[in-house]
A.B. asks: 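There's a structure below that I have some questions on.
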Number of protein chains: 2
Amino acid sequence: MVPKTPPAAPPRVPHDLLASTQFLLKRVGMAAKERALAEYEQAGFSPYHHAVLAFLSEDSPDTQGEIADALGYDRGQLVGLLDELEEKGLVERRRDPDDRRRHIVRVTGAGTKALGRLRGIAAALDDEFLVPLDGDERETLHGLLARLAEHHDPRCTLQPPAASP
Amino acid sequence: MVPKTPPAAPPRVPHDLLASTQFLLKRVGMAAKERALAEYEQAGFSPYHHAVLAFLSEDSPDTQGEIADALGYDRGQLVGLLDELEEKGLVERRRDPDDRRRHIVRVTGAGTKALGRLRGIAAALDDEFLVPLDGDERETLHGLLARLAEHHDPRCTLQPPAASP
DNA sequence: TATTGTTATACTCTATAACTATA
DNA sequence: TATAGTTATAGAGTATAACAATA
């Protein structure tokens, strides 16, 4: 069989699209997401579990509503995540005595330990994903992304304006 | 009712996560995607339509398989996209006389005109999404993302190594 | 009546796998 | 038999809305 295009010209994304930063953001963000899902899954977790544990380790104890709001998750979705974390003994749910509708969630010792492993996974993912960039470039990228994230989602602000009363 | 946290501390994403570049990439990429979907939809299109038209305007005519491979779309998914574009008279499908299994797809004049509008939407999206960054920063970000995209997906390479026979 | 957590439902997207017509 | 396009099916993921307990 004689192919019509001898070196079989590799299919390319049109540079019209490659010229668009938001197109690249979508593409690269998607690739990062897929890569992360696969890596967390090998450890029996998802990035969502990591997010919940990380949040609780900084602001624990908290109610489910606060966790969902902070991370931008649906409350129904969070229920399942907490079920899984609780089943592994990484978090605890208790009724709030002051408002018995609420559940107080808190990380356990095992949860803190698991968080350490998840941090390792995240660091390894960063390292692998950013391999074409040197140290300075990674910092630059991170800074620019942080500013975009903060602009499009106030919850991603690092230092909330310390309101002094 | 007296709230326990008087200024109602705003829910924040843990900085553990904000310190991870791939986390930011996922978040910002998602935000870009949602924003883009909404904007294209107002014009009666999706970013996928734009991608197909952009590819055809650079490499037309092509077969459906080539389009799908270049853009990374599933072939079944592409059928629907082409149906919609064809219905609007923006592309044409014809059987390839040399291989009657294949469909030759090509942009119409109306398709080229529509592509112009879609380019405008993409440019406006870029401008709006990157508003916290100045010109130099946007260029820097674009360059870094382009290198990541190219590394994780060879189809995103701008200049394919010109194979001289 | 409004809210918290929960459960159930529906809807979207995607991935898989038949199916046809050609080769 | 294998491939291009098409269609149909199933699965994951997400969003919506009903629900019970409490305020």
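Sequence lines set the chain letters: A, B, ... in the order given, protein chains first and strands last, and positions in each chain run from 1. All values derive from a computational prediction rather than experimental measurement.
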A.B. asks: According to side chain to side chain donor-acceptor pair (under 3.5 Å), who are the partners of A:R100, at least two apart in sequence or on a separate chain?
C.D. replies: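 Residues passing side chain to side chain donor-acceptor pair (under 3.5 Å) with A:R100: none at all.
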
A.B. asks: For B:D69, check salt bridge (Lys or Arg N to Asp or Glu O under 4.0 Å) against everything at least two apart and list the hits.
C.D. replies: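 For B:D69 the salt bridge (Lys or Arg N to Asp or Glu O under 4.0 Å) partners, ignoring immediate neighbours, are B:R75.
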
A.B. asks: What N/O pairs connect the protein and nucleotides 9-17 of chain D at under 3.5 Å? Give each pair on its own line.
C.D. replies:
unit_1, atom_1, unit_2, atom_2, d
D:dT14, OP1, A:Y48, OH, 3.4

A.B. asks: Under a criterion of less than 4.0 angstrom to any heavy atom of chain B, what are the 5'-terminal and 3'-terminal contacting nucleotides of DNA chain C?
C.D. replies: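 From 5' to 3', the first and last contacting nucleotides are C:dT14 to C:dA23.
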
A.B. asks: Rounded to whole angstrom units, what separation is found between the CG atom of B:D83 and the C1' atom of D:dT6?
C.D. replies: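 Value for this atom pair: 9 Å.
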
A.B. asks: When you match B:P97 and A:R75 each to their closest nucleotide on DNA chain C, which lands nearer the 5' end?
C.D. replies: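 The answer here is A:R75.
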
A.B. asks: Taking salt bridge (Lys or Arg N to Asp or Glu O under 4.0 Å) as the definition, give me every residue that meets it alongside A:D83, ordered by chain and number, with sequence neighbours left out.
C.D. replies: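 A:D83 satisfies salt bridge (Lys or Arg N to Asp or Glu O under 4.0 Å) with A:R93 only.
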
A.B. asks: Round to a whole Å and report the spacing from CZ of B:R102 to C1' of D:dA2.
C.D. replies: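 To the nearest whole Å, that distance equals 12 Å.
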
A.B. asks: Between the protein and nucleotides 18-21 of chain D, which nitrogen or oxygen pairs come in under 3.5 angstrom?
C.D. replies:
none

A.B. asks: Can you name the side chain to side chain donor-acceptor pair (under 3.5 Å) partners of B:Y40, sequence neighbours left out?
C.D. replies: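 Once residues adjacent in sequence are excluded, the partners of B:Y40 under the side chain to side chain donor-acceptor pair (under 3.5 Å) criterion are B:H50.
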
A.B. asks: Round to the nearest Å and state the distance from B:D69 atom CG to D:dG5 atom C1'.
C.D. replies: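 Atom-to-atom, B:D69 to D:dG5, this comes out as 13 Å.
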
A.B. asks: Taking only residues two or more places apart in sequence, or in another chain, which ones meet A:A51 in a side-chain contact (heavy atoms from CB on, under 4.5 Å)?
C.D. replies: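 In terms of side-chain contact (heavy atoms from CB on, under 4.5 Å), with neighbours along the sequence ignored, A:A51 is linked to A:L71, A:Y73, B:L17.
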
A.B. asks: Pairs in or reaching into residues 117-133 of chain A: which pass side chain to side chain donor-acceptor pair (under 3.5 Å), with residues at least two apart or in two chains?
C.D. replies: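 Sorted result for residues 117-133 of chain A: A:R35-A:E128, A:R119-B:D16, A:D126-B:S20, A:D127-A:R138.
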
A.B. asks: Who pairs with B:H151 by side chain to side chain donor-acceptor pair (under 3.5 Å), at least two apart in sequence or on another chain?
C.D. replies: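 B:H151 satisfies side chain to side chain donor-acceptor pair (under 3.5 Å) with no residue once adjacent residues are dropped.
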
A.B. asks: What is the distance from CG of A:D96 to P of D:dT22, rounded to the nearest Å?
C.D. replies: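 Whole-Å distance recorded here is 13 Å.
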
A.B. asks: What pairs of residues pass the salt bridge (charged side-chain N to carboxylate O under 4.0 Å, His left out) test when at least one of them lies in residues 144-159 of chain A, not counting sequence neighbours?
C.D. replies: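 Qualifying pairs, neighbours excluded: A:R147-B:E137, A:D153-A:R155, A:D153-B:R27.
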
A.B. asks: So among A:L37, A:L118, A:V52, which one has a side chain to side chain contact (heavy atoms under 4.5 Å, CB included) with A:P47?
C.D. replies: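 Going through A:L37, A:L118, A:V52 one by one, the side chain to side chain contact (heavy atoms under 4.5 Å, CB included) with A:P47 is satisfied by A:L37 alone.
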
A.B. asks: Could you tell me which residues satisfy side-chain contact (heavy atoms from CB on, under 4.5 Å) with B:A43, sequence neighbours excluded, listed by chain and number?
C.D. replies: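 Residues passing side-chain contact (heavy atoms from CB on, under 4.5 Å) with B:A43: B:F45, B:I121.
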
A.B. asks: Distance from B:T21 atom OG1 to A:L145 atom CG, nearest 0.5 Å?
C.D. replies: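 Separation between the atoms: 7.0 Å.
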
